[in-house]
Amino acid sequence: MANDASAVFDTLSPAVSKGSLADPFTPPADSALWRKNFLLGAATASYQIEGAVDEDGRLPSIWDTFSAKPGKVLAGDTGAVACDHYHRWEADIEMLASLGLEGYRLSIAWPRVMDAAGVPNRKGLDFYKRLLNRLKEKGITTFVTLYHWDLPQHLEDRGGWLNRDTAYRFADYADLMSRELAGTVDAWATLNEPWCSAYLGYGNGHHAPGLANDRFATQAMHHLLLAHGLAVPVLRANDPASQKGIVANIGRGTPNSDSAADQRAAHLFEVQHNAWILDPLLKGAYPQDLFELWPGTEPLVLDGDMQTISAPLDFLGINYYFRTNVASDGAHGFRDVPLEGVERTQMGWEVYPDGLRDLLTGFKRTYHNLPPIYITENGMASDDQVTDGHVDDTQRISFLKRHLAAVDQAIKAGVDIRGYFLWSLMDNFEWAFGYERRFGVVHVDYSTQKRTVKRSAEWVAKFLKERKARA
Ligand code: IFM
């Protein structure tokens with residue numbers, strides 16, 4: 001029981017712990033979730049919700065190109081319309097505010113706001129200004145990610161993240177955005193999940209731009225992290241009052257057996273998923289074990305790069321979804337050994353809240369300079385249907401409850417965690433899985449664009465209301 005995050009809420013009735021809405025969500029009195037300054041919000045990303053890909057001067061991104069290629073995205077879906085948020089943003093913000101959510105994490109589409117010569121696109125900039133101003137009017141804390149994977153295609157045509165110059169173009173983009181939006185952004189994140197951009201985009205080709213070479217992945221990662229490091233001082237100079245950070249997805253790897261080989265495999269899994277990003281940011285060096293896994297893939301690093309990359313952060317955003325059970329592959333690496341009989345989501349991902357707590361407490365032990373943490377994404381996909389105007393996503397309520405409990409346990413163990421964003425505010429374009437996988441706490445009917453608040457969103461709203469009442 002002590003090792004089970006769900007046990008934190010063992011005072012709840014069995015109906016509630018299964019995820020019913022019958023009773024309000026009642027964390028124990030000493031839970032950090034009751035603290036007024038523990039931020040609870042929701043997250044989205046530009047390409048996944050905006051649509052309007054060729055309106056008002058937006059240029060093509062690598063995801064427009066990739067999703068147009070047959071076989072790359074399930075059912076041939078693209079982000080051309082998505083949730084049509086570009087046109088429906090006012091109603092979407094009303095919905096966010098009506099749920100009582102206190103924070104909103106969004107991203108800016110780089111190809112919407114500047115052209116290939118770096119000339120600002122006023123219409124694109126105005127869209128984000130209107131959006132952020134409205135969020136501020138509503139009293140919502142704004143977390144803005146500069147890069148959530150929609151690289152302008154013209155930069156990919158010149159090598160994308162394999163070209164060091166892209167890092168300098170990113171710093172120019174950060175400069176423009178922080179000059180234009182200063183005062184409306186509470187926290188800037190340079191990149192979302194560089195692991196996905198580097199590994200899925202350049203290492204195995206499952207994401208745009210679809211290249212598959214381990215050496216490309218390590219070089220792309222280096223340029224992504226360099227872009228981050230070059231942007232941070234620019235953001236600090238232009239918008240001193242805001243927080244600056246980066247968002248990393250983290251993965252729990254557990255060994256399939258007690259054998260030394262399987263233990264080593266789990267260690268290498270976490271090096272590849274976590275230390276590859278966190279060591280350069282927080283220790284100023286790549287983990288050498290990475291190059292045991294991928295021999296001969298050391299990136300080209302110039303003098304001063306690692307200092308640039310490891311400049312202090314105001315916060316670290318953490319995205320967590322599942323764990324992977326691994327065994328040795330008999331050579332240098334690991335192989336997945338899916339566990340049977342465990343709870344899974346529509347993505348096939350195992351529900352494993354303890355992994356979030358264990359990773360966070362482990363990071364605190366490993367990185368003595370670990371910055372304050374926000375959980376910038378956590379959530380699950382399910383095949384949600386609207387019945388009589390409602391969506392009964394009980395598995396999601398249970399998932400959220402257990403992961404919030406894990407966050408609470410990590411806080412009690414001394415990790416400085418300041419907030420939690422649900423992924424996602426609404427169902428959206430789930431990259432290579434298109435629209436089939438539904439991560440939202442609000443359902444989107446893509447044929448009508450009708451939004452239906454799911455039970456999980458009602459459940460979160462109820463808790464926030466209660467917290468407000470008690471404050
Ligand atoms: O939808 C994605 C998001 O864009 C990045 N983090 C993981 C989510 C779910 O796969």
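Counting convention: from 1, in listed order, for ligands and their atoms alike.
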_Modelled atom types, side-chain donor and acceptor of T254 and R323, under 3.5 Å_ =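 Distance-only check passes for T254 and R323.
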*Neighbour count >12 (heavy atoms, 6.0 Å) for atom NZ, K123*: no
*Kindly write out the residues that satisfy side-chain hydrogen bond (donor to acceptor under 3.5 Å, both in side chains) with D165, not counting sequence neighbours, or none if the list is empty.*
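side-chain hydrogen bond (donor to acceptor under 3.5 Å, both in side chains) list for D165, sorted by chain: R158, R169.
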_Per-ligand residue contacts, ligand 1, heavy-atom threshold under 4.0 Å_ =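 Correct list: Q48, H148, W149, N192, E193, Y321, W349, E377, W423, E430, W431, F439.
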_Under 6.0 Å between ring centres: does that hold for H228 and Y147?_
no
_If you define the side chain from C-beta out and look only at heavy atoms, does anything of I375 sit under 4.5 Å from F421?_
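The answer is no, as the side chains (C-beta and beyond) never meet within the 4.5 Å cut-off.
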*Indicate yes or no: at least one non-hydrogen side-chain atom of D427 is less than 4.5 angstrom from one of K454.*
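Counting from C-beta outward, D427 and K454 do come under 4.5 Å.
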